[in-house]
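Data block below; observations after.
In what follows, every chain begins at residue 1, and chains take the letters A, B, ... in the order their sequences are listed.
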Amino acid sequence: MNYLDFEKPIQELIELRDKMKQTAEKNGVDVSSSLQEIEDKITSKRIEIYSNLTPWQRVQVSRHPDRPYTLDYIKAITDSEFIELHGDRTVKDDKAMVGGFGMLNGRTVMFVGQQKGRNTKLRQYHNFGMPNPEGYRKALRLMKMAEKFNKPIVTFIDTPGAFPGLEAEERGQGEAIARNLLEMAQLKVPVICIIIGEGASGGALGIGIGDRVIMLENTWYSVISPESCSSILWRSWDNKERAAEALKLTADDMMGQGLVDGVIKEPIGGAHTNWEEIFATVKNRIEEELQTLDKLSPEQRIDQRIEKFCKMGVVVEG
Amino acid sequence: MGWFKRIKEGITTSTKEKKETPEGLWHKCPSCKKVLPTNEHIANHYVCPNCNYHDRIGSAEYFAILFDDNQFTELHPALQSADPLNFSDTKKYPDRLVDSQKKTGLKDALRSAVGKVNGYDLVVCCMDFSFIGGSMGSVVGEKISRAIDYCLEHRVPLMIISKSGGARMMEAAHSLMQMAKTSAKLSLMDKHGIPYISLLTDPTTGGVTASYAMLGDLNISEPGSLIGFAGPRVVKETIGKDLPKGFQTAEFVLEHGFLDAIIDRKELKPTISNLLMMFKK
């Protein structure tokens, strides 16, 4: 288990509990009542800490190293009835973007999402969840195939941004993202986008044009990361907390601004503390949303999707 | 031994008596430093006759270059930014807006207008870099969206002249969603078969490149323009090496297959009207 700074009180309690368990086992003593007491304390501590998270703390939770990633969700939701598909058919297979057909309660769904790695080796392999242009083109290829065979699309968004590398520029990072925005607006099949971790700017939006855009409770979505925002506006990373607040990037803030369609509650203490629960919640939500979206015609879905995004932004008529 | 000797040391003319060249009479090319009378510079579409450097210009200049007799009707000129996030960095966002408006005489970073280009109808949305770095906020997105409505209703082709550092941070996610909004709207132009020409000028980066600027039926640019998604400084930091010469110039982007053509500014109007003719006939 990994713990964030502000999770230290929880960590202490958990370590105390584990120690008590060990001693009890070793000495054959019944400590169930004290254990229960500590469990209750852990829960109340989690509630206490997690109901008062600052925006910056939520950003930290969204990056928690124990949080489930895209393939974890896909495998759990499909009960491992999932076939990963590779490549953009032009340049290569981008490991930062994964996708493929999976079964959701007997129905075929196309899953697409950015993938992070859980250890140093895998983090590098998946390029820290930062796709190159071929990642966006692979995503588009898979989504167009889903459209061709009339299968709904679910995207999982979790990226610190599109990769700002030399080759990425040569192969048209801007064009690749732009093309996805335009094409996704016109997809005939239902599209559900779920932000499961970090939703950084164009790199996130590149698979984020959906009939439903839903954020998990402890995620962020904005035009820039708080660190970069701080370094541009105040010329140092020291103001990241302030930037996180100013950007209004949490799920509740985004919902309040009408820029996303829903927020999914996470287990107490964050998605990383109870994978099974968050998988079940996300799976149920996808099913619910698909049932609603199935009732609309492709034209209705496209019209409503475009209209929704066209309403975004605040202007004064002057 | 010199013929002349300075008797009094230093400059003796007082500031009051100093004879200044009147402001704006001469233009010095920022690239080759050649000096040219300003009126010649304007007549040359703000392009240096010596080194072909294309000076950065704004919507007023592009409208004058493109529209016949500089005649056009501006669309939705009154739209202004709100401050949905109550944003404040070193300055409050509303104050920043007012300052920029005073300094530039513009309402925001984009103006749209409809007029004729050698007799062909065209809607032109043109960004102004002088207004907060040409950043794309809600007004930019909304004006493009409404300009597309006009194009769809009247079946008039669209041209967007991009010149921007990217998204406007002070509008955060509202700004991000303008990428979605403009691209979604452009998909309707596709559907209805109305041409869209994107002119990417110096500089076009960030969220603007990753949305409408790269989505033209034709993507064209001016010589030497900086075009990219990530800015050169960020790319340099990522790869930890110096960038190759000419990286992210219009010429580089064309070689990699993302531009249809690079057109000198003096050829801009005839080329655009030719293209409009070809789309029509």
Inset, instruction - Could you pull out the closest heavy-atom pair between B:Ala167 and A:Val223, with the gap in Å? - result: CB-CG2, 3.3 Å
Inset, instruction - Just give me the residue among A:Ser222, A:Gly174, A:Gly258 that pairs up with chain B most often, heavy atom to heavy atom, under 4.5 Å. - result: A:Gly174
Inset, instruction - For A:Glu169 and B:Gln248, indicate whether the former's side chain and the latter's backbone hold a donor-acceptor pair under 3.5 Å. - result: no
Legend entry - A:Arg171/B:His256 under side-chain contact (heavy atoms from CB on, under 4.5 Å): CA gap, chis, key distance, verdict: CA-CA 7 Å; A:Arg171 295 196 288 266; B:His256 284 91; over 6 Å; no
Inset, instruction - Determine the option with the most heavy-atom pairs under 4.5 angstrom with chain A, choosing from B:Met214, B:Lys181, B:Gln178. - result: B:Lys181
Inset, instruction - State, yes or no, whether a side-chain contact exists between B:Pro84 and A:Gln257 at a heavy-atom distance under 4.5 Å. - result: no
Legend entry - Heavy-atom pair count under 4.5 Å with chain B, highest-scoring of A:Gly172, A:Ala162, A:Gly165, A:Gly202: A:Gly172
Legend entry - Distance-minimising heavy-atom pair for A:Ile306 and B:Ser187: CD1-OG, 3.8 Å
Legend entry - Largest heavy-atom contact set with chain A, pairs under 4.5 Å, which of B:Asp108, B:Thr238, B:Thr182: B:Thr238
Inset, instruction - Start with the C-alpha gap between A:Val316 and B:Leu79, add the side-chain angles, then the distance that decides, and say whether side-chain contact (heavy atoms from CB on, under 4.5 Å) holds. - result: CA-CA 6 Å; A:Val316 181; B:Leu79 282 190; over 6 Å; no
Inset, instruction - Kindly compute the distance separating CD (A:Glu183) from OG (B:Ser183), expressed to the nearest 0.5 Å. - result: 11.0 Å
Legend entry - CG on A:Leu233 to CZ on B:Phe87, rounded to 0.5 Å: 5.0 Å
Inset, instruction - Heavy-atom pairs under 4.5 Å with chain B are the metric here; pick the option from A:Asn180, A:Leu205, A:Ile209, A:Asp253 that has the most. - result: A:Leu205
Inset, instruction - For B:Lys91, look at atom NZ and say whether over 12 heavy atoms of other residues, nucleotides or ligands are found less than 6.0 Å away. - result: yes
Legend entry - Under 4.5 Å from a heavy atom of chain A, the part of B:Tyr212 involved: neither
Legend entry - Pairs of heavy atoms under 4.5 Å with chain B: top-ranked of A:Met254, A:Arg305, A:Glu175, A:Arg179: A:Glu175
Inset, instruction - For A:Tyr221 and B:Ala173, work out which heavy atoms get closest and say how close. - result: O-CB, 4.3 Å
Inset, instruction - Working to the nearest 0.5 Å, report the span between OG1 of B:Thr209 and CD1 of A:Ile177. - result: 10.0 Å
Inset, instruction - For each of B:Lys241, B:Met177, B:Glu255, B:Lys236, tally heavy-atom pairs with chain A at distances under 4.5 Å, and name the one with the top tally. - result: B:Met177
Inset, instruction - Using non-hydrogen atoms and a 4.5 Å limit, figure out which bit of A:Leu249 sits close to chain B: side chain, backbone, both or neither. - result: neither
Inset, instruction - Return yes if some donor-acceptor pair links the side-chain N/O of B:Ser138 with the main-chain N/O of A:Gly313 below 3.5 Å, else return no. - result: no
Inset, instruction - For residues A:Leu247 and B:Leu85, report the shortest heavy-atom separation together with the two atoms involved. - result: O-CD1, 4.0 Å
Legend entry - Interatomic distance, B:Lys185 atom NZ to A:Leu182 atom CG [nearest 0.5 angstrom]: 13.0 Å
Legend entry - Most chain A-contacting option - heavy-atom pairs closer than 4.5 Å, from B:Met170, B:His76, B:Lys191: B:Lys191
Inset, instruction - Would you give the length of the straight line joining atom SG of A:Cys310 to atom CG of B:Asp149, rounded to the nearest 0.5 angstrom? - result: 7.5 Å
Legend entry - Residues B:Lys107 and A:Glu317 bridged, charged N to O under 4.0 Å: no
Inset, instruction - Determine the minimum heavy-atom distance between B:Ala180 and A:Phe309, stating which atoms define it. - result: CB-CD2, 3.5 Å
Legend entry - Contact origin within A:Ile224 toward chain B - heavy atom pairs under 4.5 Å: side chain
Inset, instruction - Compare every heavy atom of A:Trp234 with every heavy atom of B:Asp89, then report the nearest pair and how far apart it is. - result: CA-CZ2, 3.7 Å
Inset, instruction - Identify which part of B:Asp83 has an atom lying under 4.5 Å from any heavy atom of chain A, answering side chain, backbone, both or neither. - result: neither
Inset, instruction - Please state whether the side chain, the backbone, both or neither of B:Ser81 comes within less than 4.5 Å of a heavy atom of chain A. - result: backbone
Inset, instruction - Heavy-atom pairs under 4.5 Å with chain B are the metric here; pick the option from A:Gln173, A:Lys248, A:Gln186 that has the most. - result: A:Gln186
Inset, instruction - For chain A, find which of B:Met179, B:Glu142, B:Arg168 contributes the most heavy-atom pairs closer than 4.5 angstrom. - result: B:Met179
